[in-house]
Amino acid sequence: MEGIIKKVAVCMCVMALSFGFAGMNCSFGTLSIAEAGQSYFPETEMYQKTIQKLQGHWVDKNGNVLDFNGNYLNGCYIIKIGEMAGGGSNFGGPFYIHEKEGVRRLIIGANLHFEAGKSTFDDGGNEPLLRYNNSYYHRR
């Protein structure tokens, strides 16, 4: 039985690599999915477009900062961006950054333009914002 499981795992890994499924973490005996969905790496157009929209210095009401500068967030390299929800100017998803301690996953949402039918952003204000860790950040 163990031999059959290994063969199935190998076949699934080969299929994942052949069809380009992102996030597949293949090993003999088990097959785990590190992250479901699409990931965008620095060399991709989607990564570059997303990062470009977020460039700048963002501050919340407590003075906490999200500083997007090139491919860096607060001085930490953005390794990849996970699958995003939404699109255009209102979107959100996981950003993976490389810190001294290792890789950290941050869920960041962006409201860069009013949604249809709304005259304010999610926080009731008139300025574009980012959402992270239950706080609203405004560009400064």
Side-chain angles (χ1 to χ4, degrees):
M1 185 68 167
E2 186 176 324
I4 292 172
I5 292 173
K6 284 183 181 181
K7 286 179 184 178
V8 169
V10 169
C11 288
M12 290 179 77
C13 287
V14 169
M15 286 175 23
L17 293 172
S18 297
F19 294 104
F21 293 122
M24 292 298 247
N25 179 12
C26 302
S27 61
F28 289 101
T30 62
L31 177 67
S32 63
I33 299 175
E35 177 188 339
Q38 181 70 45
S39 291
Y40 304 103
F41 293 91
E43 61 275 4
T44 65
E45 183 179 357
M46 183 62 76
Y47 175 102
Q48 292 302 323
K49 284 183 176 181
T50 302
I51 295 298
Q52 184 61 38
K53 292 176 186 178
L54 302 176
Q55 291 299 297
H57 192 74
W58 301 79
V59 182
D60 75 359
K61 66 181 179 183
N62 297 319
N64 298 309
V65 174
L66 292 176
D67 188 31
F68 285 87
N69 187 357
N71 291 355
Y72 292 83
L73 172 57
N74 292 357
C76 297
Y77 188 70
I78 304 169
I79 300 167
K80 70 176 184 173
I81 301 170
E83 187 165 10
M84 304 300 276
S89 58
N90 298 312
F91 56 89
F95 289 73
Y96 295 83
I97 63 172
H98 187 265
E99 296 180 321
K100 268 191 305 190
E101 299 80 20
V103 176
R104 183 171 170 201
R105 180 177 182 251
L106 309 172
I107 304 295
I108 298 175
N111 276 141
L112 305 178
H113 192 272
F114 295 134
E115 292 181 29
K118 289 190 173 183
S119 59
T120 62
F121 289 101
D122 288 348
D123 67 345
N126 292 314
E127 298 177 8
L129 57 90
L130 298 182
R131 291 180 314 276
Y132 168 67
N133 207 19
N134 296 319
S135 288
Y136 294 109
Y137 289 75
H138 296 275
R139 199 178 306 218
R140 298 286 177 245

Legend entry - CG on Asn126 to CZ on Phe114, rounded to 0.5 Å: 4.5 Å

Inset, instruction - Measure the shortest side-chain to side-chain distance between Tyr137 and Val65 over non-hydrogen atoms and say whether it is less than 4.5 angstrom. - result: no

Inset, instruction - Looking only at non-hydrogen atoms, find the nearest pair between Tyr77 and Pro42 and report the distance. - result: OH-CG, 3.1 Å

Legend entry - Separation between CD1 of Ile81 and NZ of Lys49, rounded to the nearest 0.5 Å: 12.5 Å

Inset, instruction - Let me see the working for Leu73 and Leu54 under side-chain contact (heavy atoms from CB on, under 4.5 Å), right down to the final yes or no. - result: CA-CA 10 Å; Leu73 172 57; Leu54 302 176; over 6 Å; no

Legend entry - Minimal non-hydrogen separation, Phe95 against Ile78, with atom names: CD2-CG2, 4.3 Å

Legend entry - Gln55 to Phe68 - nearest heavy-atom pair and separation: OE1-O, 3.5 Å

Inset, instruction - Please answer whether the main-chain N or O of Ser135 pairs with a side-chain N or O of Lys61 as donor and acceptor at a distance below 3.5 Å. - result: no

Inset, instruction - Check whether more than 12 heavy atoms from other residues, nucleotides or ligands sit under 6.0 Å from atom NE2 of His57, and answer yes or no. - result: yes

Legend entry - Which atom of Arg105 lies closest to which atom of Pro94, heavy atoms considered: NE-CB, 3.7 Å

Inset, instruction - Compare every heavy atom of Phe121 with every heavy atom of Leu112, then report the nearest pair and how far apart it is. - result: C-CE2, 3.9 Å

Legend entry - Side chain Asp123, main chain Gly125, donor-acceptor under 3.5 Å: yes

Legend entry - Cluster overlap Ile108 with Leu129, hydrophobic side-chain contacts below 4.5 Å: no

Inset, instruction - Consider only side-chain heavy atoms of I, L, V, M, F, W and Y, link residues closer than 4.5 Å, and tell whether Leu130 and Ile107 are in one cluster. - result: no

Legend entry - CG-CG distance between Asn64 and Asn74, expressed to the nearest 0.5 angstrom: 9.5 Å

Legend entry - Pair Asn111, Asn90: side-chain N/O donor-acceptor within cut-off below 3.5 Å: yes

Legend entry - Closest approach of Phe41 to Tyr47 (non-hydrogen atoms, all atoms of both residues): O-CB, 3.1 Å

Inset, instruction - Hey, could you give me the CG/CD distance between Asn71 and Gln52, rounded to the nearest 0.5 Å? - result: 10.0 Å

Legend entry - Inter-residue atom distance Asn134.CG - Asp60.CG, 0.5 Å rounding: 11.0 Å

Legend entry - CD/Glu45: more than 12 non-hydrogen atoms of other groups inside 6.0 Å: no

Legend entry - Derivation and outcome, side-chain contact (heavy atoms from CB on, under 4.5 Å), residues Asp122 and Glu115: CA-CA 9 Å; Asp122 288 348; Glu115 292 181 29; 4.1 Å; yes

Legend entry - Non-hydrogen side-chain atoms of Lys80 and Val103 separated by less than 4.5 Å: no

Inset, instruction - Quick one: do Leu66 and Tyr132 satisfy side-chain contact (heavy atoms from CB on, under 4.5 Å)? Show the steps, please. - result: CA-CA 9 Å; Leu66 292 176; Tyr132 168 67; 3.9 Å; yes

Legend entry - Flag if over 12 foreign heavy atoms under 6.0 Å of CG, Asn62: yes

Legend entry - Inter-residue atom distance Arg104.CZ - Glu99.CD, 0.5 Å rounding: 5.0 Å

